[in-house]
Amino acid sequence: MIFALVDCNNFYASCERVFNPKLEGKPIVVLSNNDGVIIARSNEAKALGIKMATPVFKVQNIIDRNNVHVFSSNYVLYGDMSHRVIAILKESAPEVEIYSIDEAFMKLDGIQENLTEFGRNIRKKVLKWTGIPVSIGVAPTKTLSKIANELAKKHPQFKGVLDLSCLPESKLDDLLAKVDISDVWGIGRRLSPMLRVHNIKTARDLKYASDQWIRKCINVLGLKTVHELRGIPCIQLEENPAPKQSIASTRSFGRPVMSLTELKQAVALYVTIATEKLREGRQIASAIQVFIHTNFHRQDQKQYSESAATMLPHPTSHSPTIVKSAHYLLDTIYKPGYKYKKAGIILTKLMPKDQIQLDLFKEHKENPHQEKVMQTLDKINSKHGRNTLSLAALGKTKPWKMRQLQKSKRFTTNWNETITI
DNA sequence: GCTAAATTCAGAC
DNA sequence: CTAACGGTCTGAATTTAGC
């Protein structure tokens, strides 16, 4: 088998740069929702020592001194750019798995061409048509293609494309010996230190670890990783992802929230967001969880964190019904006197819309009227823009809504935002 | 003491 | 100027509940 992993370089930062070419060569960072932490950096920002997931205030002086350009995250823009990149990949190979907003696996079996050349062509095309630079790693397993991609990105001599599929074993091992254990797909912050203690420090060390030991000290996923490093494919390409099992919508607030009224407005908004996704996937939810908590980072303030869950009256995607349940749960967990920082809802026990499990003892049919109302609402909002029509429960002012002070325009999806001067 | 369900942990990006 | 630290999702392991 031959896999390719295509990964957009510094994706969010690159998207910002496409529509603002003056930023070429300049340091850029993109912030999380609520402008709290750094979630993407251009190469220039990385070179300044700005690390991933750092709270902005901790590197504010580096930002100021070096005139780093700072953006709030603009998911509408990034999502649209992602679609454009994926569309090009899909016309280049028959089997493509969209792995994340900035990554895709491709199956390259049966391609006669030299695979490095093939990769270079894709790279050129994506850059020309979208403005986004990508790196491509080719290998006999997904895990190795991830490593190939990392190496392609890191070492300029590969010009963005590295094919490990035709390398002799000893050469491959030399490369794997240069890959830190924490950079192996599936080895995270708990396993890396544990493995290092046992003298497994590189991808090569892990490749030659004993199966029994790995099974005992990690788990079956660890074993799969090891086999994949040996070139034995254990993780298949998933072109059609399984339907979602849960849908969450959770946000930090732009300022502390104390009142139940405001929490209810926020939670109603999160239900709206989650049920839109639910209906888009033609699913319905059977249960809901709600949680609230104070700011964990404020040791000077009293802390409170609670969650609660309930079954919905019947499986549904009707937002007013779900808001009612969410508000009921909020009533049970809310305690006055705390400064809440974050709230969220999670829809669970999802099922396909057309396969409602009928309860033997309950006379409940999905109300066709409710379904119609939701369809009409979705139609209006897709035609006239999100939020054209929304529940009164969201409130009008939303003083708690997240900060996004430095957001770029939605250049590719909104007519009013296409031109900048 | 078993299985099933719920919860927690760890991982990814 | 203040004060300031993401969001979504999955699969396995672990814990708890129900018999």
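In what follows, chains are A, B, ... by sequence order, proteins preceding strands, each numbered from 1.
Comparing C/dT8, C/dA13, C/dC5 by their closest approach to the side chain of A/Asn295 singles out C/dC5. Distance from the side chain of A/Gln245 is smallest for C/dT10 among the nucleotides B/dA6, B/dG11, C/dT10. For A/Ser246, counting side-chain heavy atoms from C-beta on, the closest listed nucleotide (C/dA13, C/dG7, C/dT10) is C/dT10. Of the candidates B/dA10, C/dC5, C/dC9, C/dC5 carries the atom nearest the A/Lys58 side chain, counting heavy atoms from C-beta on. For A/Trp185, counting side-chain heavy atoms from C-beta on, the closest listed nucleotide (B/dC13, B/dG11, C/dA12) is B/dC13. In this structure, the nucleotide among B/dC13, C/dC5, C/dG6 sitting nearest to the side chain of A/Phe57 is C/dC5. Listed candidates were C/dT8, B/dC13, C/dA13. Nearest to the side chain of A/Asn219 is C/dA13. Proximity note for A/Lys277 (side chain, C-beta onward) versus C/dC9, C/dT10, B/dA12: the nearest is C/dC9. Distance from the side chain of A/Ser252 is smallest for C/dG6 among the nucleotides C/dG6, B/dA10, C/dA12. Among the nucleotides B/dA12, C/dT8, B/dG11, the one closest to any side-chain atom of A/Ala248 is C/dT8.
Counting any heavy atom pair closer than 4.0 Å across all strands shown, A/Ile247 reaches sugar-phosphate atoms only and no base atom. In this structure, A/Val184 reaches the sugar-phosphate backbone alone: every heavy-atom distance under 4.0 Å involves primed, P, OP1 or OP2 atoms, never a base. A/Ile101 comes within 4.0 angstrom of nothing in the nucleic acid, heavy atoms only. No engagement by A/Asp35 is indicated, since no non-hydrogen atom pair under 4.0 Å with the nucleic acid exists. If you check every strand for non-hydrogen atoms under 4.0 Å, A/Lys341 touches sugar and phosphate atoms only. Contacts of A/Tyr99 with the nucleic acid, taken as non-hydrogen atoms under 4.0 Å apart, involve only primed sugar atoms and P, OP1 or OP2. Among the heavy atoms of the strands lying under 4.0 Å from A/Leu221 are primed sugar atoms or P, OP1, OP2 only; no base atom is included.
Using a 4.0 Å cut-off, no side-chain N or O of A/Arg255 falls inside it from OP1 or OP2 of C/dA3. Phosphate proximity of C/dG7 to A/Ser32: absent, as no side-chain N or O sits under 4.0 Å from OP1 or OP2. Phosphate contact (OP1/OP2 of C/dT8, side-chain N/O of A/Thr250, threshold under 4.0 Å): present. An OP1 or OP2 oxygen of B/dA12 is reached within less than 4.0 angstrom by no side-chain nitrogen or oxygen of A/Lys146. Using a 4.0 Å cut-off, some side-chain N or O of A/Lys349 falls inside it from OP1 or OP2 of B/dA6. An OP1 or OP2 oxygen of C/dG7 is reached within less than 4.0 angstrom by no side-chain nitrogen or oxygen of A/Ser249.
The OH-P distance, from A/Tyr12 to B/dC13, rounds to 12 Å in whole Å. The nearest whole Å value for the distance from the CD1 atom in A/Ile187 to the C1' atom in B/dA12 is 12 Å. Across the protein-nucleic acid pair, A/Met52 atom CE and B/dA12 atom P stand 13 Å apart, rounded to whole Å. Taking atom CD1 of A/Ile346 as the reference point, atom P of B/dA6 lies 15 Å away to the nearest angstrom. Atom pair A/Ile181:CD1 and B/dG11:P shows a separation of 12 Å (rounding to whole Å applied). Atom CD of A/Glu228 is separated from atom P of B/dA12 by 14 Å (rounded to the nearest Å). In this entry the distance linking CD1 of A/Ile98 with P of C/dT8 reads 19 Å, nearest Å. Between the CD atom of A/Gln289 and the P atom of C/dT8 there is a distance of 14 Å, given to the nearest Å.
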Watson-Crick and G-U pairing of DNA chain C, under 3.5 Å, as dot-bracket with | and [ ]: ......|||||||||||||

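For the pairing with A/Glu262, the salt bridge (Lys or Arg N to Asp or Glu O under 4.0 Å) check across A/Arg255, A/Lys339, A/Lys398 returns one residue only, A/Arg255.
A parallel orientation is assigned to the rings of A/His293 and A/Phe291, their planes being inclined by less than 30° (bins at 30° and 60°). Note: A/Phe105 and A/Trp185 have tilted aromatic rings, judged against thresholds of 30 and 60 degrees for the angle between ring planes. Ring-plane geometry between A/Phe253 and A/Tyr270 is classed as parallel, the angle between the planes falling under 30 degrees on a 0 to 90 degree scale with a further cut at 60.
Using a 4.0 Å cut-off between charged nitrogen and carboxylate oxygen, A/Lys153 and A/Glu103 do not count as a salt-bridge pair. We find that A/Glu306 and A/Lys335 are not joined by a salt bridge, their nearest charged nitrogen and carboxylate oxygen being 4.0 Å or further apart.
Under 3.5 Å, the side chains of A/Trp400 and A/Gln265 contain a donor-acceptor pair of N or O atoms.
Side chains of A/Val134 and A/Cys8 form a contact here, defined as non-hydrogen atoms less than 4.5 Å apart.
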Residue pair A/Asp183, A/Lys154: steps toward the salt bridge (charged side-chain N to carboxylate O under 4.0 Å, His left out) verdict: CA-CA 12 Å; A/Asp183 292 333; A/Lys154 204 150 125 195; 5.0 Å; no

